[in-house]
Amino acid sequence: MADEQEIMCKLESIKEIRNKTLQMEKIKTRLKAEFEALESEERHLKEYKQEMDLLLQEKMAHVEELRLIHADINVMENTIKQSENDLNKLLESTRRLHDEYKPLKEHVDALRMTLGLQRLPDLCEEEEKLSLEPACHVTNKFTGMHLYALCAKPRVGPGTPKSQNGSRMNEKRENT
């Protein structure tokens, strides 16, 4: 009976070893699966970090591009402001010269009339570009100023006769 009990004990031990071995194999299989998942997640994490680095590099390139665009915009705004200032100075200078020219021409015309000579032609008759009429309206969108640029007045046709005071422009307006 002692042998039987010893055999039963051994069988119980074998059964327990078998159960524990099966439990150990299940855990080992789960451990392998977890380890593979861990390796896979590490690879994904590495890929995510590489993608993040690429995105940050692209972002910095765009930031630099935007910075350069803003710098170009600032340069253009300054250039436009400078050009407007130059235009204003030229307009003022032109107005002053015209204001000097008008009384001098009137005086010369008066002197010529006393001698029986014809009046000199007006500037607008001599050169289209010397007309001071604000024919072209220039708007400055940055400062909201409205500037008048010197523009050529259209000439009358070559067959239009001169009026008595020497201006063909007045004659053309009267005819229309």
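Side chains are part of it too, since the values below use all heavy atoms of this structure and drop only hydrogens, waters and symmetry mates. Source: prediction; values computed, not measured.
A 4.5 Å side-chain heavy-atom check between Glu41 and Leu45 finds every atom pair outside the cut-off. Residues Lys89 and Glu92 form no side-chain contact, since every pair of their non-hydrogen atoms from C-beta on lies 4.5 Å or further apart.
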Discussion item. Set out, in order, the CA-CA distance, both residues' side-chain angles and the distance that settles side chain to side chain contact (heavy atoms under 4.5 Å, CB included) for Arg95 and Leu91, then state yes or no.
Written reply: CA-CA 6 Å; Arg95 284 189 185 108; Leu91 283 172; 3.9 Å; yes
Worksheet item: Going through the checks in order, is the side chain to side chain contact (heavy atoms under 4.5 Å, CB included) test met by Arg119 and Val108?
Response: CA-CA 8 Å; Arg119 293 179 55 210; Val108 169; over 6 Å; no
Discussion item. Before you tell me yes or no, could you show the steps for Val63 and Lys59 under side chain to side chain contact (heavy atoms under 4.5 Å, CB included), namely the whole-Å CA-CA distance, both residues' side-chain angles and the distance that decides it to 0.1 Å?
Written reply: CA-CA 6 Å; Val63 166; Lys59 174 189 165 190; 4.2 Å; yes
Practice prompt. Please lay out, stage by stage, how Ser40 and His44 fare under the test side chain to side chain contact (heavy atoms under 4.5 Å, CB included).
Written response: CA-CA 6 Å; Ser40 174; His44 288 125; 3.2 Å; yes
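A side-chain donor-acceptor contact under 3.5 Å links Gln82 and Asp86.
In this structure, Asp53 does not pair ionically with Lys49, as no charged nitrogen and carboxylate oxygen lie closer than 4.0 Å. Between Glu64 and Arg67 there is a salt bridge, since at least one side-chain N of the basic residue sits less than 4.0 Å from a carboxylate O of the acidic one.
Put simply, CD on Gln5 and CG on Asp3 are 10.5 Å apart, with the number rounded to the nearest 0.5 Å. A distance of 12.5 Å separates CG of Leu87 from CD1 of Ile80, quoted to the nearest 0.5 Å. Between atom CG of residue Asn85 and atom CG of residue Leu90 there is a gap of 11.0 Å, rounded to the nearest 0.5 Å. Note that NZ of Lys26 and CG of Leu22 are 6.5 Å apart. Values are rounded to the nearest 0.5 Å. Taken to the nearest 0.5 Å, the CD1 atom of Ile73 stands 12.0 Å off from the CG atom of Asn78. Here OG1 of Thr29 is found 12.0 Å from CD of Glu34. Values are rounded to the nearest 0.5 Å.
For Arg112 (side chain) and Gln118 (main-chain N/O), a donor-acceptor pair under 3.5 Å exists by modelled atom type. Although no hydrogens or angles enter the test, the distance criterion places no donor-acceptor pair under 3.5 Å between the side chain of Ser83 and the main chain of Thr79. Remark: side-chain polar atoms of Thr21 are paired, donor with acceptor, to backbone N or O of Ile17 under 3.5 angstrom. Judged by distance alone, with hydrogens and angles left aside, the side-chain atoms of Lys105 form no donor-acceptor pair with the main-chain N or O of Asp122 at under 3.5 Å.
The neighbour count for Glu39 CD, taken as heavy atoms of other residues, nucleotides or ligands under 6.0 Å away, is above 12.
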